Amino acid sequence: MRRVALGREMPIDRPGGADPSTNLGAVPGLQTPVSARRAKGEIANAMTVDVEDYFQVSAFAGAVEQTDWEQYPGRVERNVDVVLGMFADADVRATFFTLGWVAERYPRLIHRIVAGGHEIASHGMHHVRVHDQTPEQFRADVRATKRLLEDTAGAPVRGYRAASFSINGETAWAFEILAEEGHEYSSSVYPIRHDLYGMPEAPRFAYRPARAGGLLEIPVTTVAVLGRNVPCGGGGYFRLLPYAYSRWAMRRVNRRDAQACIFYFHPWEVDPRQPLVKEIPLKSRLRHYTNLARMERRLRTVLRDFLWDRMDRIFLGDDGRA
Ligand SMILES: [Zn+2]
């Protein structure tokens with residue numbers, strides 16, 4: 001096993017420091033209660049978290065071997081606790097797409113997520129992209145992950161999100177397997193053109209893929225601009241572009257398309273003190289480390305500016321609204 005190259009901690013630009021682009025929301029203290037916002041017909045959007053640690057992201061896969069994961073100082077527990085605190089402060093319930101690897105090592109963290117009223121869903125065992133697995137390997141992985149998460153959480157796992165949104169035209173066989181293994185929905189498609197992922201020809205909103213036993217695919221949100229799908233469902237775009245863009249785009253989806261937005265982020269994005277992983281390409285490095293210190297404040301703003309709920313409640317109609 002080779003030695004893991006860990007740099008010094010990231011330079012900090014003061015967590016909670018001023019982020020002028022987030023000073024655009026409602027006045028704090030004048031927020032309308034969630035029930036009243038719902039009653040007024042405001043669309044509930046899906047807040048989702050991909051529970052993985054900073055060294056497990058696909059962009060680092062060339063520099064960080066899975067067999068070396070144990071050597072990295074874990075930050076995911078601390079970071080998910082930060083996220084749970086933010087959700088509690090904002091009275092938001094969310095869906096946590098969780099790696100089996102994380103649940104195995106931090107079972108009490110899974111209990112805390114469930115105790116907060118959130119949904120546990122599957123992000124696979126080891127963050128392997130679908131196109132790097134055979135159908136047989138994929139089936140074994142999603143089956144084992146679902147069972148592990150359900151045993152740990154004490155609740156059914158109904159949803160799945162592929163690592164790096166890696167279901168596209170070539171890996172559409174995955175939908176059928178997910179359904180056969182008891183999943184009711186997937187959120188694994190990003191209908192954009194991107195160097196690492198994307199399926200630009202996919203529908204922008206929830207649909208039932210052919211021959212997938214009624215499984216619902218719920219793509220990450222895009223906004224249609226001049227005939228192109230532009231990402232607006234969180235991820236790096238939310239952190240790297242000014243907040244005003246995300247707010248404009250998500251409002252447009254809620255109002256013009258009358259659709260719920262699917263938003264996602266990672267626990268490591270609220271952690272400017274995470275160890276720096278060396279030997280990664282400059283582009284990935286910039287994407288990963290830019291604006292980490294601004295992220296928590298920005299998330300608190302988006303939690304306040306929009307109405308949020310869990311994927312299962314919005315799309316499987318558990319509260320009788322769908
Ligand atoms: Zn992931």
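First listed ligand is number 1; within each ligand, the first listed atom is number 1. Fair warning: this is a prediction, and the values are worked out from it, not measured in the lab.
With sequence neighbours left out, E42 forms a side chain to side chain donor-acceptor pair (under 3.5 Å) with R37. For S246, there are no side chain to side chain donor-acceptor pair (under 3.5 Å) partners two or more places apart in sequence or in a different chain. Under the side chain to side chain donor-acceptor pair (under 3.5 Å) criterion, Q133 pairs with no residue at all, not counting sequence neighbours.
Of all protein N/O/S atoms, those lying under 2.8 Å from the Zn ion (ligand 1) come to 3.
H118 places a side-chain N or O within 3.5 Å of a backbone atom of A94 that can act as its donor or acceptor partner. At least one donor-acceptor pair closer than 3.5 Å links the side chain of T171 to the backbone N or O of N168.
Electrostatic pairing of E77 and R105 does not count as a salt bridge here, judged by no charged N lying under 4.0 Å from a carboxylate O.
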